[in-house]
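Some notes on the structure that comes next.
These figures come from a predicted structure and were not determined experimentally.
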Amino acid sequence: AGCALGAPVELFDFHFLEEYAGSLGIKYPPSDYWPDSPRADIPRYINGYSRDFTKKHMHFLPADDDIIYTILSLLILEEYGKHFTTPDVAEAWLKYLPPECTFTAERITLKNLMSGIAPHEAGNVNNPDKELIGAAIRCDGWAYINPGDPEKASEMAERDAILSHRGSGLHSAMYFAAVISSAFTESTIENALGTGLRYIPDGSYFSEQIKWALELSSSISCFRDANHAVSNRFPDMNPVHSVNNACLVVWGSLLGKDDFTRGISETVAMAYDNDCTAATVGSILGAHMGIEGIPCKWYLPWNNRVISYLNGIPEFSIDDIISRFLALGN
């Protein structure tokens, strides 16, 4: 739901987003799916358009990499087991991922694999994007099958992430896998966010920025505060970097700790890579609240369907995905 809310306005300017909402006459931050998209007719991936994520046109959950990588983790677990290796992840990428549906570090890594570079080196060759957000958006599935076991979730996320990322890019995946896993069983979102720090190297750059975000959280009252804080601290950082976006996820999760809609809506309004950040916030809050905490307006429009761009698999049933994840977790 967080991904679907952010997708039609992904990476748009912070000020533009609020002005665009005003032009549509809707509440801001948005409390429901957008009625239109500023790039409605722009293709997204190989089988959809930005308008597919808008309220009028949403008849299924459209394809997006945040969603597809989560499903791909399910396929990796089913085909290789819980002891899958990084080379297994590489093999799954080569089997299922169309190169044109990959970006930044994932695209570079996939091309390196296709040229014969070994999996343990593919993410480290000619890859200036290895600290961007890509690995973090792939971590959800490892948490879903390890509820309340952040150590195992983080370790699986590391095996996946190391294929394409290093440094903060790697640590972000390990951290959020642990946070989502912890959110299933911790008494508060604050506890889950703190627990995640145990599973990344203490003193690392990523760890220090998450600590900063947590320390500042009491002064972050809305999306404006969040955007300003990140923009001031990381003025020259890539808008799809793992670090600046991770700080936004921390604050979005805390703003939404008692209200799922507020969590994903405030996060989308923070801008930056807002379909990815809102997707992670949705995972954290969803794990903590359960289905009863998620208003049905966020998932009924999908009609139990997820469109896929994975090679040979045009779509999935949401009920089927849930039952398969549940089977793996038992």
Side-chain angles (χ1 to χ4, degrees), residues 1-6 29 31 61 66-67 70 73-74 136-154 156-157 172-200 210-211 213-218 220-223 226 245-270 274-300 302 318 321-323 325-326 328-330:
C3 173
L5 181 62
S31 58
L61 180 57
D66 292 82
I67 308 301
T70 300
S73 68
L74 172 67
I137 74 169
R138 308 198 313 254
C139 77
D140 306 64
W142 315 124
Y144 294 169
I145 69 152
N146 291 296
D149 192 345
E151 181 176 10
K152 190 175 291 185
S154 183
M156 286 186 176
S172 65
M174 297 165 63
Y175 174 71
F176 283 119
V179 170
I180 297 166
S181 172
S182 298
F184 280 101
T185 52
E186 286 284 2
S187 59
T188 67
I189 294 294
E190 289 90 342
N191 287 350
L193 292 167
T195 296
L197 286 168
R198 301 177 196 167
Y199 301 98
I200 56 175
I210 293 296
K211 290 177 183 176
L214 289 169
E215 289 168 2
L216 193 66
S217 62
S218 61
I220 303 295
S221 63
C222 68
F223 66 95
N245 285 287
C247 295
L248 298 178
V249 169
V250 167
W251 298 327
S253 299
L254 292 173
L255 290 172
K257 63 182 179 180
D258 300 313
D259 183 339
F260 181 87
T261 294
R262 186 184 182 200
I264 63 173
S265 299
E266 292 270 1
T267 305
V268 167
M270 292 173 191
N274 51 357
D275 69 326
C276 295
T277 52
T280 303
V281 169
S283 265
I284 295 168
L285 297 181
H288 189 64
M289 296 175 177
I291 191 67
E292 63 276 4
I294 304 174
C296 62
K297 66 182 178 182
W298 293 117
Y299 56 85
L300 289 182
W302 304 336
I318 294 176
I321 291 170
I322 292 170
S323 66
F325 266 120
L326 184 60
L328 286 165
N330 288 336

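- Rounded to the nearest 0.5 Å, atoms CG (Asp275) and CD1 (Ile264) are 12.0 Å apart.
- In this structure, Thr267 contributes its side chain and Thr277 its backbone to no donor-acceptor pair below 3.5 Å.
- Contact of the Phe260 side chain with the Val281 side chain is not registered, since no non-hydrogen atoms from C-beta on lie closer than 4.5 Å.
- Annotation: side chain of Arg138 is not in contact with side chain of Asp66 (no heavy-atom distance under 4.5 Å).
- Atoms CD1 and NZ, on Ile284 and Lys257 in that order, are 14.0 Å from each other to the nearest 0.5 Å.
- Under 3.5 Å, the side chains of Tyr144 and Ser283 contain a donor-acceptor pair of N or O atoms.
- Checked by atom type and distance alone, the side chain of His288 pairs as donor or acceptor with a backbone atom of Ala183 at under 3.5 Å.
- Distance OG1/Thr280 to CD1/Ile180: 6.0 Å, rounded to 0.5 Å.
- At a threshold of 4.5 Å between non-hydrogen side-chain atoms, the residues Val179 and Thr195 do not count as touching.
- Remark: Arg198 does not engage Glu151 in a salt bridge, criterion side-chain N to carboxylate O under 4.0 Å.
- You'll find the side chain of Tyr299 reaches within 4.5 Å of the side chain of Ile291, heavy atoms only.
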One pair to check against side-chain contact (heavy atoms from CB on, under 4.5 Å): Leu255 and Met270. What are the steps and the verdict?
CA-CA 12 Å; Leu255 290 172; Met270 292 173 191; 3.8 Å; yes
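- Using modelled atom types, no side-chain atom of Lys152 and backbone atom of Ile145 make a donor-acceptor pair closer than 3.5 Å.
- Closest of all the heavy-atom pairs between Ala157 and Cys139 is CB-CB, 4.3 Å.
- Counting heavy atoms from C-beta outward, Thr261 and Pro295 have side chains that approach closer than 4.5 Å.
- When atom types are taken as modelled, the side chain of Ser253 and the backbone of Val249 share a donor-acceptor pair closer than 3.5 angstrom.
- Put simply, CG on Asp140 and OG on Ser181 are 12.0 Å apart, with the number rounded to the nearest 0.5 Å.
- Under the 4.5 Å side-chain criterion, counting only non-hydrogen atoms from C-beta, Met156 is in contact with Asn146.
- For Trp142 and Ser154, the side-chain atoms include no donor-acceptor pair closer than 3.5 Å.
- When every heavy atom of Thr70 is checked against every heavy atom of Phe325, the shortest pair comes out as O-CZ, 3.5 Å.
- Contact annotation: the side chain of Ser265 never approaches that of Phe223 to less than 4.5 Å [non-hydrogen atoms, C-beta and beyond].
- In plain terms, the two heavy atoms of Asp258 and Met289 that are nearest each other are C-CE, 4.0 Å.
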Please lay out, stage by stage, how Ile137 and Phe176 fare under the test side-chain contact (heavy atoms from CB on, under 4.5 Å).
CA-CA 9 Å; Ile137 74 169; Phe176 283 119; over 6 Å; no
What's the verdict on side-chain contact (heavy atoms from CB on, under 4.5 Å) for Cys222 and Glu266, showing C-alpha distance, side-chain angles and the deciding distance?
CA-CA 7 Å; Cys222 68; Glu266 292 270 1; 3.9 Å; yes
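- Side chains of Cys276 and Asn245 form no contact here, defined as non-hydrogen atoms less than 4.5 Å apart.
- In this structure, CD1 on Ile220 lies 11.5 Å from CG on Leu214, to the nearest 0.5 angstrom.
- The distance from the CG atom of Leu326 to the CD1 atom of Ile321 is 13.5 Å, given to the nearest 0.5 Å.
- Of all the heavy atoms in Ala1 and Trp302, the pair that sits closest is N-CH2, 3.5 Å.
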